[in-house]
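Note that the structure is predicted; figures quoted are calculated from it, not measured. Start at 1 with the first residue, then count along the sequence.
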Amino acid sequence: MPLPVLECLRQQWQWQLTFFLVLLTLALGTIIRSFYTKGRHLHLPPSPRRLPVVGNLHQILGSLPHRSLCDLARRHGPVMLLRLGSVPTVVVSAAAAAREVMKTHDADCCSRPDTPGARRLSYGHKDVAFTPYGQHWREMRKLFIVELLSMRRVRAAWYAREAQVDKLIGRLSSSGGKQVILEDHIFGLMDGIIGTVAFGNIYGTEQFAHKKHFHDVVEEAMGVLASFSAEDYFPNAAGRLVDRLTGVVTRRERVFRELDAFFDMIIEQHLDASRATANSNLVDVLIGLMKEHQGSLRFSRDHIKALLSNTFIGGVDTSSVTMIWAMAELIRKPWALRKVQDEIRAVVGDKERVQPDDMPNLKYLDMVVKETLRLHPALPLLVPRETLRHVKICGYDVPAKTRLLVNAWAIGRDPATWDNPEEFNPDRFEGKDVDFNGTHFELVPFGAGRRMCPGCFDWALPEGMAPEDVSMDEAGGLTVHKKTPLVLVPTRYKHCQCS
């Protein structure tokens with residue numbers, strides 16, 4: 001193509017882009033001025049200084065926004081108003097403020113913002129995690145708890161956990177004392193447990209040929225939910241256009257189609273009348289409900305897929321990263337690791353593995369879990385909320401349709417609540433009635449209120465590596481992982497079987 005033509009096209013594109021940005025700026029300016037006019041007589045939370053159009057967005061973009069928000073909260077207070085693009089967002093970073101959001105005003109602060117990624121991957125809000133508050137959410141939550149998370153189901157699924165733990169022990173034992181990347185084994189363990197409970201025994205077998213591809217798709221789905229989308233912060237035609245131009249929409253649709261195809265395949269397998277299974281699984285239960293409501297929109301095939309999406313996206317990654325952080329902290333504190341091992345070995349005795357009845361007696365292990373969740377909540381900002389009505393949080397006005405972020409990471413490291421908050425010390429919970437069940441707001445890794453989230457080996461570091469050398473840097477995403485893999489050397493523990 002001749003150079004003059006190329007130059008003409010370049011100038012035309014620049015003019016179009018400039019015109020688009022001018023229109024975008026004018027539109028957003030109108031929205032921002034409208035908000036300030038409405039809020040002129042309100043006692044709004046303090047705010048950092050904003051830039052035109054983007055507001056405070058530039059201050060939190062990056063892989064670790066919970067840290068950026070914690071730094072801002074130290075300067076502006078535990079209840080802080082941000083303008084993220086055109087979206088007013090209140091961030092709470094202290095236990096007292098979290099109590100007001102998730103208990104005092106829970107009924108007014110329990111909805112979810114309608115964002116494009118969550119909407120698509122939840123099949124138009126047919127799930128539990130991302131659905132706005134209402135009767136449909138209440139029905140889905142009840143179903144999800146009864147059929148997957150109830151004590152009856154947890155006990156019935158013990159066989160799956162036992163089988164997957166045996167496989168893990170076998171793989172670690174076969175390492176022959178060599179280094180292993182623990183993340184690979186832990187993610188495989190949790191994936192096998194949840195996959196078996198959801199899909200049935202075939203998921204835990206090597207014959208399940210689609211498993212590797214499904215892992216990759218789930219990982220990409222989490223990436224879609226965690227990645228930047230202009231429409232999340234500019235919910236208008238301009239935001240949608242930017243997402244199309246940058247490929248966000250294309251990626252989202254590709255991931256959705258692949259996830260959807262996998263779920264369709266699983267459902268068809270379970271609809272096969274010739275299939276025999278010893279244990280009913282989540283898909284069987286959900287198909288039964290779909291048949292009960294045949295021809296009704298109340299519970300369709302898409303509802304099944306949405307709940308399965310929640311099960312994997314919300315279950316595998318969060319549980320796995322918590323175990324990895326716990327092992328990383330314990331390997332850096334050998335005295336704490338010894339206490340956990342001694343307790344497990346004393347309680348379990350000569351039995352081959354931990355049994356359900358042993359769990360209540362593992363008091364120190366429970367303290368280790370609490371301390372891990374305090375320092376490393378898998379979802380450091382929880383899942384965003386949205387106000388249904390105007391409320392007051394710690395004396396500040398928060399209008400309806402305001403997005404709410406609870407910084408669980410900052411709350412867990414608040415020096416006003418915790419002594420030496422950056423130190424990993426499970427003993428701090430000794431004799432304290434503090435738990436992560438949603439009633440103690442200084443420890444909220446799973447949230448609270450209506451939208452709350454429904455020792456086989458001796459371990460050593462590789463030769464020449466000291467405990468203090470273990471990196472605790474974070475890597476961002478929907479869940480916050482360790483930035484560098486945890487490499488350890490497992491040695492099978494042989495208990496004494498003296499008569």
| task | Could you check Asp427 against Tyr364 for side-chain hydrogen bond (donor to acceptor under 3.5 Å, both in side chains), going step by step and ending with a plain yes or no? | result | CA-CA 8 Å; Asp427 290 19; Tyr364 195 74; 2.7 Å; yes
| task | Report the distance from atom CE of Met327 to atom CD of Glu183, rounding to the nearest 0.5 Å. | result |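 The CE atom of Met327 sits 10.5 Å away from the CD atom of Glu183.
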| Can you tell me how far the CG atom of Asp284 sits from the NE2 atom of His270, to the nearest 0.5 Å? |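 The NE2 atom of His270 is 4.5 Å from CG of Asp284, to the nearest 0.5 Å.
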Work out which heavy atom in [X] is nearest to a heavy atom in [Y]; give both atom names and the distance.
X	Y	result
Leu330	Phe424	CD2-CE2, 4.2 Å
Ile393	Ala97	CG2-O, 4.3 Å
Phe441	Ala95	O-CB, 3.5 Å
Ser111	Leu388	CB-CD2, 3.7 Å

Would you find a donor on one side and an acceptor on the other, under 3.5 Å apart, between the side chain of [X] and the backbone of [Y]?
X	Y	result
His185	Leu172	no
Arg345	Val340	no
Asn310	Ala129	yes
Asp342	Lys339	no
Lys103	Gly449	no
Lys305	Tyr123	no
Asp71	Ser68	no

| Could you walk me through whether Arg428 and Glu423 pass the salt bridge (charged side-chain N to carboxylate O under 4.0 Å, His left out) check? | CA-CA 10 Å; Arg428 71 172 75 244; Glu423 179 187 359; 5.1 Å; no
Can you confirm whether [X] sits close enough to [Y] that some side-chain heavy atom of one is under 4.5 Å from a side-chain heavy atom of the other?
X	Y	answer
Gln164	Leu168	no
Leu307	Val128	yes
Arg385	Asp106	yes
Arg450	Arg141	no
Thr417	Ile411	no
Lys126	His136	yes
Asn281	Thr196	no
Val92	Leu405	no

| field | Verdict with reasoning, Glu343 to Lys363, per salt bridge (charged side-chain N to carboxylate O under 4.0 Å, His left out) | value | CA-CA 8 Å; Glu343 177 185 70; Lys363 306 294 186 184; over 6 Å; no
Testing the 3.5 Å rule here: is there a donor-acceptor pair between the side chains of [X] and [Y]?
X	Y	result
Gln341	Arg338	no
Asp302	Ser300	no
Asp127	His303	no
Tyr133	Arg451	no

| request: Answer yes or no for Arg301 and Phe263: cation-pi contact, defined as NZ/CZ to six-membered ring centre under 6.0 Å and angle to ring axis within 45°. | output: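 No, a cation-pi geometry is absent between Arg301 and Phe263.
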| said: I want to check a possible cation-pi pair here: Arg112 against Phe130, using under 6.0 Å from ring centre and within 45° of the ring axis as the test. | reply: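 Not flagged: Arg112 not positioned over aromatic ring of Phe130.
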Can you tell me if [X] has over 12 outside heavy atoms packed within less than 6.0 Å of its [atom1]?
X	atom1	answer
Leu61	CG	yes
Glu220	CD	yes
Glu268	CD	yes

| message | Can you tell whether the side chains of Asp114 and Arg119 come within less than 4.0 Å, N to carboxylate O? | response |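 Arg119 and Asp114: salt-bridged.
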| request: Output yes when Arg374 and Glu371 qualify as a salt bridge under the 4.0 Å nitrogen-oxygen rule, no when they do not. | output: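 Looking at Glu371 together with Arg374, the answer is yes, because their closest N to O distance falls below 4.0 Å.
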| task | Among residues two or more places apart or on two chains, list those pairs meeting side chain to side chain donor-acceptor pair (under 3.5 Å) that have a residue in residues 405-415. | result |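 Sorted result for residues 405-415: Trp409-Glu474, Arg413-Glu422.
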| said: Pair Trp418, Phe429 - check ring pair (Phe, Tyr, Trp, His ring centres under 6.0 Å), show working. | reply: CA-CA 11 Å; Trp418 306 97; Phe429 289 98; 5.7 Å; yes
| query | Asn361 and Asp358: side-chain hydrogen bond (donor to acceptor under 3.5 Å, both in side chains), yes or no, with the steps? | reply | CA-CA 6 Å; Asn361 299 318; Asp358 295 326; 5.2 Å; no
